[in-house]
Visitor: 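Below is a structure I'd like to ask you about.
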There are 2 protein chains.
Amino acid sequence: MQVSRSLEYAVRSLVCLASSRRPMDLGAIAEKERIPRAYLAKIMRTLVRGGLVSSTQGRTGGYRLRKPAGRIRLLEIYMLTEGPSKLLPCIGDGGSCSASASCSQKPVWIKVEQAVNEAFRNVTLKEMLPKKTNGGKGAGKRFEDPLSQERG
Amino acid sequence: MQVSRSLEYAVRSLVCLASSRRPMDLGAIAEKERIPRAYLAKIMRTLVRGGLVSSTQGRTGGYRLRKPAGRIRLLEIYMLTEGPSKLLPCIGDGGSCSASASCSQKPVWIKVEQAVNEAFRNVTLKEMLPKKTNGGKGAGKRFEDPLSQERG
DNA sequence: TTAAAAGTGGACCGCTGGGGTCCATGTTTA
DNA sequence: TAAACATGGACCCCAGCGGTCCACTTTTAA
């Protein structure tokens with residue numbers, strides 16, 4: 001049960017964006033994080049569609065976060081890159097299990113899945129940022145509240 | 001992030017064994033759970049090696065649990081069928097990550113992985129058994145303590 | 001004593017999906 | 001108007017999972 005490489009790349013890229021006070025373009029992220037450029041492009045699209053980052057096209061285009069890092073949960077990134085969780089195929093659509101209704105195992109699996117989801121929800125991007133060891137050298141707050149337009 | 005079919009089959013088979021007061025042979029389990037016989041054979045081997053079930057060979061051979069269902073945790077089955085968890089390849093061997101030592105994300109991933117493991121550890125086979133609706137018709141205790149020789 | 005019926009071990013195999021590439025196209029600015 | 005960016009989608013490769021097969025061992029029933 002490994003996490004997809006897409007998720008790993010997505011997280012790294014988002015951390016990258018969160019650590020930069022300016023928007024970054026694809027090439028910059030790809031190079032810094034050593035991610036295949038074309039593949040990263042595909043991933044960034046899903047992050048854009050998912051509303052985690054906003055993109056500007058054109059010559060000076062690039063990406064930036066749409067929320068402060070503290071409000072982006074690992075679960076969101078997870079659900080964008082991989083689908084909704086579904087530990088087992090029988091969970092969710094409510095019918096693919098041959099044992100059907102009276103299956104005594106299904107509720108337990110659901111419980112496990114919820115716990116796993118909780119594990120991912122409990123982590124926020126902010127916790128993954130590199131610790132700033134400088135005592136506030138000037139680039140002080142970065143991404144804390146300047147983008148709090150989205151308080152959903 | 002789905003769980004392997006092997007794990008699903010393993011769980012179903014163990015539930016099957018736990019629900020039966022007598023040992024069951026491969027064919028019986030395979031038929032009842034509708035699992036491909038040869039594939040199940042492979043899975044049962046790993047369960048035997050892992051010490052969850054004991055097998056007797058020969059003509060009247062079969063399988064039985066080695067511990068009461070209440071003492072078999074989902075995590076054990078998980079670790080037998082799939083390897084040790086490892087959400088990301090960089091976790092565990094301590095070096096495959098290009099960001100090496102100062103990686104600020106690794107500890108967070110480790111934390112997530114521990115939570116996931118906990119989710120699997122928190123479930124015991126017993127919780128997956130079908131609820132006995134009979135008020136103690138005779139086959140009362142089944143697998144509760146008759147096998148408590150192994151109290152590790 | 002021997003054949004049937006059970007488990008064991010391991011080689012093998014097909015196919016799916018994740019990881020990755022490529023190209024054509026839209027958009028912005030120097 | 002061309003360079004530099006993002007977007008969309010078709011396409012490809014291959015490791016690994018799910019599954020099969022066969023040769024072998026062990027036990028018991030006849």
Side-chain angles (χ1 to χ4, degrees), chain A residues 1-13 17 22-31 33-66 78 80-83 85-90 96, chain B residues 1-13 17 20 22-31 33-66 78 80-83 86-90 96:
Chain A
M1 214 180 64
Q2 277 200 187
V3 128
S4 73
R5 192 138 302 202
S6 294
L7 173 55
E8 186 198 338
Y9 289 164
V11 168
R12 300 227 313 257
S13 301
L17 287 180
R22 305 185 39 225
M24 295 179 71
D25 64 54
L26 196 63
I29 302 175
E31 189 183 10
E33 294 299 326
R34 303 197 156 269
I35 298 171
R37 185 196 180 91
Y39 189 39
L40 179 59
K42 193 196 279 186
I43 295 174
M44 293 310 289
R45 272 178 257 160
T46 79
L47 296 183
V48 169
R49 283 200 212 100
L52 289 189
V53 315
S54 67
S55 66
T56 59
Q57 292 196 169
R59 192 160 195 204
T60 59
Y63 301 94
R64 53 198 264 282
L65 291 191
R66 296 190 63 171
Y78 178 100
L80 284 179
T81 55
E82 325 192 356
S85 181
K86 283 210 168 211
L87 283 188
L88 288 186
C90 74
S96 60
Chain B
M1 213 181 61
Q2 277 200 188
V3 127
S4 72
R5 191 138 304 201
S6 294
L7 174 56
E8 186 198 338
Y9 288 165
V11 167
R12 301 226 313 257
S13 302
L17 287 180
S20 160
R22 305 185 39 224
M24 296 179 72
D25 63 54
L26 197 62
I29 303 174
E31 189 183 9
E33 295 298 326
R34 303 197 157 268
I35 299 172
R37 186 196 179 88
Y39 189 39
L40 179 59
K42 193 195 277 187
I43 294 173
M44 293 311 288
R45 272 178 257 160
T46 79
L47 296 183
V48 169
R49 283 200 212 100
L52 290 189
V53 315
S54 69
S55 65
T56 60
Q57 291 196 171
R59 193 160 195 204
T60 59
Y63 301 94
R64 54 198 265 282
L65 292 191
R66 296 190 63 170
Y78 178 101
L80 284 178
T81 55
E82 324 192 355
K86 282 210 168 211
L87 283 188
L88 288 186
C90 75
S96 61

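Since we're looking at a predicted model, the values are computed, not measured. Values below: every heavy atom of this structure, side chains too, minus hydrogens, waters and symmetry copies.
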Visitor: Using a heavy-atom distance cut-off of less than 4.0 Å, which residues of residues 55-63 of chain A contact DNA chain C?
Guide: Gln57(A), Gly58(A), Arg59(A), Thr60(A)
Visitor: Could you give the distance from CZ (Arg64(B)) to CZ (Arg22(B)), rounded to the nearest 0.5 Å?
Guide: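 The distance works out to 12.5 Å.
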Visitor: Which is true for Arg5(A) with a 4.0 Å heavy-atom rule: it touches a base, it touches only sugar-phosphate, or it touches nothing?
Guide: sugar-phosphate
Visitor: From the set dG19(C), dT7(D), dG18(D), return the single nucleotide nearest to any side-chain atom of Ala41(A).
Guide: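 For the Ala41(A) side chain, the nearest candidate turns out to be dT7(D).
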Visitor: Do Ile35(A) and Ser13(A) make a side-chain contact, defined as non-hydrogen atoms from C-beta onward lying under 4.5 Å apart?
Guide: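 Yes - at least one pair of side-chain heavy atoms lies under 4.5 Å apart.
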Visitor: Just how far, in rounded Å, is C1' of dG18(C) from CG of Leu88(B)?
Guide: 15 Å
Visitor: dG16(D) P sits how many Å from Leu7(B) CG, rounded?
Guide: 19 Å
Visitor: Say you draw a straight line from CD of Glu8(B) to OG1 of Thr81(B); how long is it, rounded to the nearest 0.5 Å?
Guide: 11.0 Å
Visitor: How close or far is atom C1' of dC5(D) from atom CE of Met44(A), stated in whole angstroms?
Guide: 13 Å
Visitor: Atom CG of Leu17(B) and atom CD of Glu33(B): how far apart are they, to the nearest 0.5 Å?
Guide: 9.5 Å
Visitor: Classify the side chain of Lys42(A) versus the base of dG19(C) as yes if they form a donor-acceptor pair under 3.5 Å and no if they do not.
Guide: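 Side chain to base: no pair present.
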Visitor: Rounded off to whole Å, could you give me the CD-to-P distance for the Glu31(B) and dA6(C) pair?
Guide: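 Going from Glu31(B) (CD) to dA6(C) (P), I get 12 Å.
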Visitor: Please report, rounded to the nearest Å, how far the P atom of dA6(D) is from the CG atom of Leu40(A).
Guide: 9 Å
Visitor: With rounding to the nearest 0.5 angstrom, report the CG to CZ distance, Leu52(B) to Arg66(B).
Guide: 9.0 Å
Visitor: Send over the distance from Ile43(A) CD1 to dT21(C) C1', rounded to a whole Å.
Guide: 13 Å
Visitor: Between Glu82(A) and Ser4(A) (side chain of the first, backbone of the second, donor and acceptor by atom type, cut-off under 3.5 Å), is there such a pair?
Guide: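 Yes, Glu82(A) side chain to Ser4(A) backbone: donor-acceptor pair under 3.5 Å.
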Visitor: Taking the minimum atom-to-atom distance to the side chain of Arg45(A), which one of dG20(C), dG18(D), dG8(D) wins?
Guide: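 When the side chain of Arg45(A) is considered, dG8(D) is the closest of dG20(C), dG18(D), dG8(D).
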Visitor: Using whole Å, report how far CG of Asp25(B) lies from P of dT27(D).
Guide: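 Answer to the nearest Å: 16 Å.
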Visitor: Taking only side-chain nitrogens and oxygens of Tyr9(A), does any of them come within less than 4.0 Å of OP1 or OP2 of dG20(C)?
Guide: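 The answer is yes; a side-chain N or O of Tyr9(A) sits under 4.0 Å from OP1 or OP2.
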Visitor: When you match Gly27(B) and Pro36(A) each to their closest nucleotide on DNA chain C, which lands nearer the 5' end?
Guide: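 Nearer the 5' end of the strand: Gly27(B).
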Visitor: Side-chain N or O of Ser6(A) versus OP1/OP2 of dG18(C): is the shortest distance under 4.0 Å?
Guide: no
Visitor: For residues 39-50 of chain A, which side-chain N or O atoms pair as donor and acceptor with protein atoms under 3.5 Å away, sequence neighbours left out?
Guide:
| residue | atom | partner | partner atom | Å |
| --- | --- | --- | --- | --- |
| Tyr39(A) | OH | Ser6(A) | OG | 2.6 |
| Thr46(A) | OG1 | Ile43(A) | O | 2.9 |

Visitor: With a cut-off of less than 4.0 Å, is there a side-chain N or O of Arg49(B) near OP1 or OP2 of dT8(C)?
Guide: no
Visitor: When the distance from CE of Met24(A) to P of dC5(D) is rounded to whole Å, what number comes out?
Guide: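 Between P of dC5(D) and CE of Met24(A): 12 Å.
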